[in-house]
There are 2 protein chains.
Amino acid sequence: MNEKASPLIDPLEHLLGYQLRRASLTTLSALSEAYEALDLRLTDAIVLRFVAANPGCNQGEISKALGVRRTNMVPVVSGLVDRGLIDRAAADGRTHALTLTAAGATMHDRIDALARANEERFFGGFDAETRAMLLHALATIRARGEG
Amino acid sequence: MNEKASPLIDPLEHLLGYQLRRASLTTLSALSEAYEALDLRLTDAIVLRFVAANPGCNQGEISKALGVRRTNMVPVVSGLVDRGLIDRAAADGRTHALTLTAAGATMHDRIDALARANEERFFGGFDAETRAMLLHALATIRARGEG
DNA sequence: TATTGTTATACTCTATAACTATA
DNA sequence: TATAGTTATAGAGTATAACAATA
C-alpha cells in the first residue's frame with residue numbers, strides 16, 4: 001500500500017496564527033502533565049502564582065488579569081482554599097483577601113521549579129536575544145487584539 | 001479608593017509559554033469571530049483547507065495531521081457533508097475519499113480571504129525576516145514536544 | 001446604582017471505551 | 001490482527017443569567 005510517512009500536504013504550514021496555536025498547545029500540554037504530579041491544573045498553578053505575587057488580592061482582580069470570567073474563578077479558588085493552599089480572609093463585607101498558606105508557599109516553589117524546567121525545555125535552546133524578541137513579538141500580537 | 005489601572009503584579013509576564021498562549025488565543029478568537037459570518041468554526045475551516053489541498057484524502061489522515069482524535073473528527077466532517085460543502089465517496093469498503101463540492105470551493109475562497117486578513121492584522125506589522133524567524137521558532141518548539 | 005461573590009446552567013472541546021465493517 | 005468510521009459518554013473549559021450581600 002501507500003507507505004508515505006505524511007501523505008498530506010499541510011495547507012496551514014505558512015499560517016502564523018495556526019502555528020502559534022500548535023506551539024502553544026505543545027508547551028502547555030507538557031506543563032499540564034508535569035503539574036499532574038502535584039494534582040494541579042494549569043489554572044490552579046496560575047492562581048497560586050498570582051496570589052504569591054500579590055498577597056491580599058481578591059479573586060475578581062485575578063479574573064481580570066487572566067482574562068477569564070469571574071464565575072469560572074469561583075470553583076478554582078474554592079478548591080485551593082479547601083485544599084489548604086490559599087487562605088481567604090474577609091477584607092470588607094464582600095471582598096476576600098487571598099494569601100498563600102505555608103502549604104501553598106511550598107506548592108508554589110514546586111510549581112515554579114516545574115515551570116522553569118518547562119521553559120528551559122522548550123525555550124532554553126534559543127539565545128537571550130531570540131527569547132527577548134519572541135517575548136516582544138507576542139506582546140505586540142496581544143496588543144493588536146486588544147487595541 | 002485605589003484607582004490604579006492594574007493593581008496586580010503579573011508573575012507570568014516573563015514566561016514564554018504563557019505569553020504564547022495569550023497571543024495564540026488573541027489571534028484565534030479574532031479569526032473565530034470572523035468565521036461566524038460564514039457559520040463556520042475554526043475546525044470546520046481547517047478541515048475544508050485540508051480537503052482543498054488534498055482532494056481524495058480521508059478523515060483519518062486529517063485527524064492525524066491536525067493532532068486531534070479520530071472520534072472528534074466525525075461530527076465535523078459529517079456536518080460539512082450535510083451542508084453540501086464536502087463530498088464523501090466510498091474509496092474502498094471502509095475508507096471515504098473527501099473532496100470539496102462547488103459550494104465548498106466557494107466557501108474555501110472566503111475562508112482563505114478571512115484568514116489572510118487575520119494574518120495581516122496580527123503579523124503584517126512584522127517584516128519578512130521577523131515573520132520567518134517566528135515561523136522557524138514555532139516549528140522548533142513543536143519539534144521539542146514531539147521528539 | 002455598581003460591585004463582589006455566588007449558583008445554576010449550557011455549550012464547546014477534548015478524551016476514552018466499545019462496537020461494526022473491512023483490509 | 002490492524003484499520004476506518006462510528007456511537008455513546010464523560011471530563012474539562014468557558015459562556016450567560018440571575019441572585020444576595022455590600023459599597
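Because the structure is a prediction, the values reported are computed rather than measured. Throughout, a chain's letter reflects where its sequence line sits, starting with A, and its residues are numbered from 1.
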Discussion item. Side-chain heavy atoms under 4.5 Å apart, restricted to Ile/Leu/Val/Met/Phe/Trp/Tyr: what other residues fall into the cluster of Leu134(A), or is it alone?
Written reply: Leu16(A), Leu20(A), Phe122(A), Phe123(A), Phe126(A), Leu135(A), Leu138(A), Ile141(A), Leu16(B), Leu20(B), Phe122(B), Phe123(B), Phe126(B), Leu134(B), Leu135(B), Leu138(B), Ile141(B)

Worksheet item: Rounded to the nearest Å, what distance is computed from the CE atom of residue Met73(A) to the P atom of nucleotide dT16(D)?
Response: 17 Å

Within the sub-3.5 Å range, which N or O atoms of nucleotides 9-13 of chain C have a protein N or O partner, and how far apart are they?
unit_1	atom_1	unit_2	atom_2	d
dT12(C)	OP1	Arg41(B)	NH2	3.4

Response to the item:
Within residues 45-59 of chain A, those residues having any heavy atom closer than 4.0 Å to DNA chain C are Asn58(A), Gln59(A)

Discussion item. Whole angstroms only, please: what is the CG-P distance between Leu66(A) and dG13(D)?
Written reply: 13 Å

Discussion item. Please give me the minimum heavy-atom distance between Ile111(B) and Leu40(B), naming the atom from each residue.
Written reply: CD1-CD1, 3.5 Å

Indicate every side-chain donor-acceptor pair of residues 85-92 of chain A with a distance under 3.5 Å to a residue at least two apart or in another chain.
unit_1	atom_1	unit_2	atom_2	d
Asp92(A)	OD1	Arg94(A)	N	2.9
Asp92(A)	OD1	Thr95(A)	N	2.8
Asp92(A)	OD1	Thr95(A)	OG1	3.1

Worksheet item: Among residues 17-35 of chain A, which residues get a heavy atom nearer than 4.0 Å to DNA chain C?
Response: none

Worksheet item: Quick check: does any side chain N or O of Asp112(B) sit under 3.5 Å from a backbone N or O of His108(B), one acting as donor and the other as acceptor?
Response: no

Worksheet item: Partners of Arg83(B) by side chain to side chain donor-acceptor pair (under 3.5 Å), sequence neighbours excluded?
Response: none

Worksheet item: What residues, two or more places apart in sequence or in another chain, satisfy salt bridge (charged side-chain N to carboxylate O under 4.0 Å, His left out) together with Arg22(A)?
Response: none

Fill in: Set of side chain to side chain donor-acceptor pair (under 3.5 Å) partners for Arg131(A), sequence neighbours left out
none

Practice prompt. Can you measure from OG1 (Thr43(A)) to CG (Asn72(A)) and round to the nearest 0.5 angstrom?
Written response: 9.5 Å

Worksheet item: Donor-acceptor pair, Ser63(A) side chain versus Gln59(A) backbone, under 3.5 Å?
Response: yes

Practice prompt. Could you verify whether a donor N or O on one side chain and an acceptor N or O on the other, from Asp109(B) and Thr106(B), lie under 3.5 Å apart?
Written response: no

Worksheet item: Which whole-number value in Å describes the distance from Lys64(A) NZ to dT4(C) P?
Response: 6 Å

Fill in: For Thr140(B), side chain to side chain donor-acceptor pair (under 3.5 Å) partners two or more places apart
none

Worksheet entry | Partners passing side chain to side chain donor-acceptor pair (under 3.5 Å) against Gln19(B) (at least two apart in sequence or in another chain) | Arg142(A)

Fill in: Heavy-atom donor-acceptor pair, Ser32(B) side chain to Leu42(B) backbone, under 3.5 Å
no

Worksheet item: Is any side-chain heavy atom of Asn58(B) closer than 4.5 Å to a side-chain heavy atom of Leu98(B)?
Response: no

Worksheet item: Donor-acceptor pair, Asp44(B) side chain versus Arg41(B) backbone, under 3.5 Å?
Response: yes

Between N or O atoms, less than 3.5 Å apart, protein on one side and nucleotides 17-22 of chain C on the other: list the pairs.
unit_1	atom_1	unit_2	atom_2	d
dT22(C)	O2	Arg94(B)	NH1	3.0

Discussion item. In this structure, how many angstroms lie between the C1' atom of dA21(D) and the NE2 atom of His96(A), rounded?
Written reply: 10 Å

Practice prompt. Ignoring backbone atoms, establish whether Arg88(B) has a side-chain N or O less than 4.0 Å from OP1 or OP2 of dT6(D).
Written response: yes

Worksheet item: Over its full length, what angle do the end axes of the helix from dT1(C)-dA23(D) to dA23(C)-dT1(D) make, each axis taken from five pairs and the result rounded to 10 degrees?
Response: 10°

Practice prompt. Let me know the distance between CD1 of Ile86(A) and P of dG5(C), rounded to the nearest Å.
Written response: 12 Å

Worksheet item: Would you say Glu119(A)'s side chain and Gly17(B)'s backbone share a donor-acceptor pair under 3.5 angstrom?
Response: yes

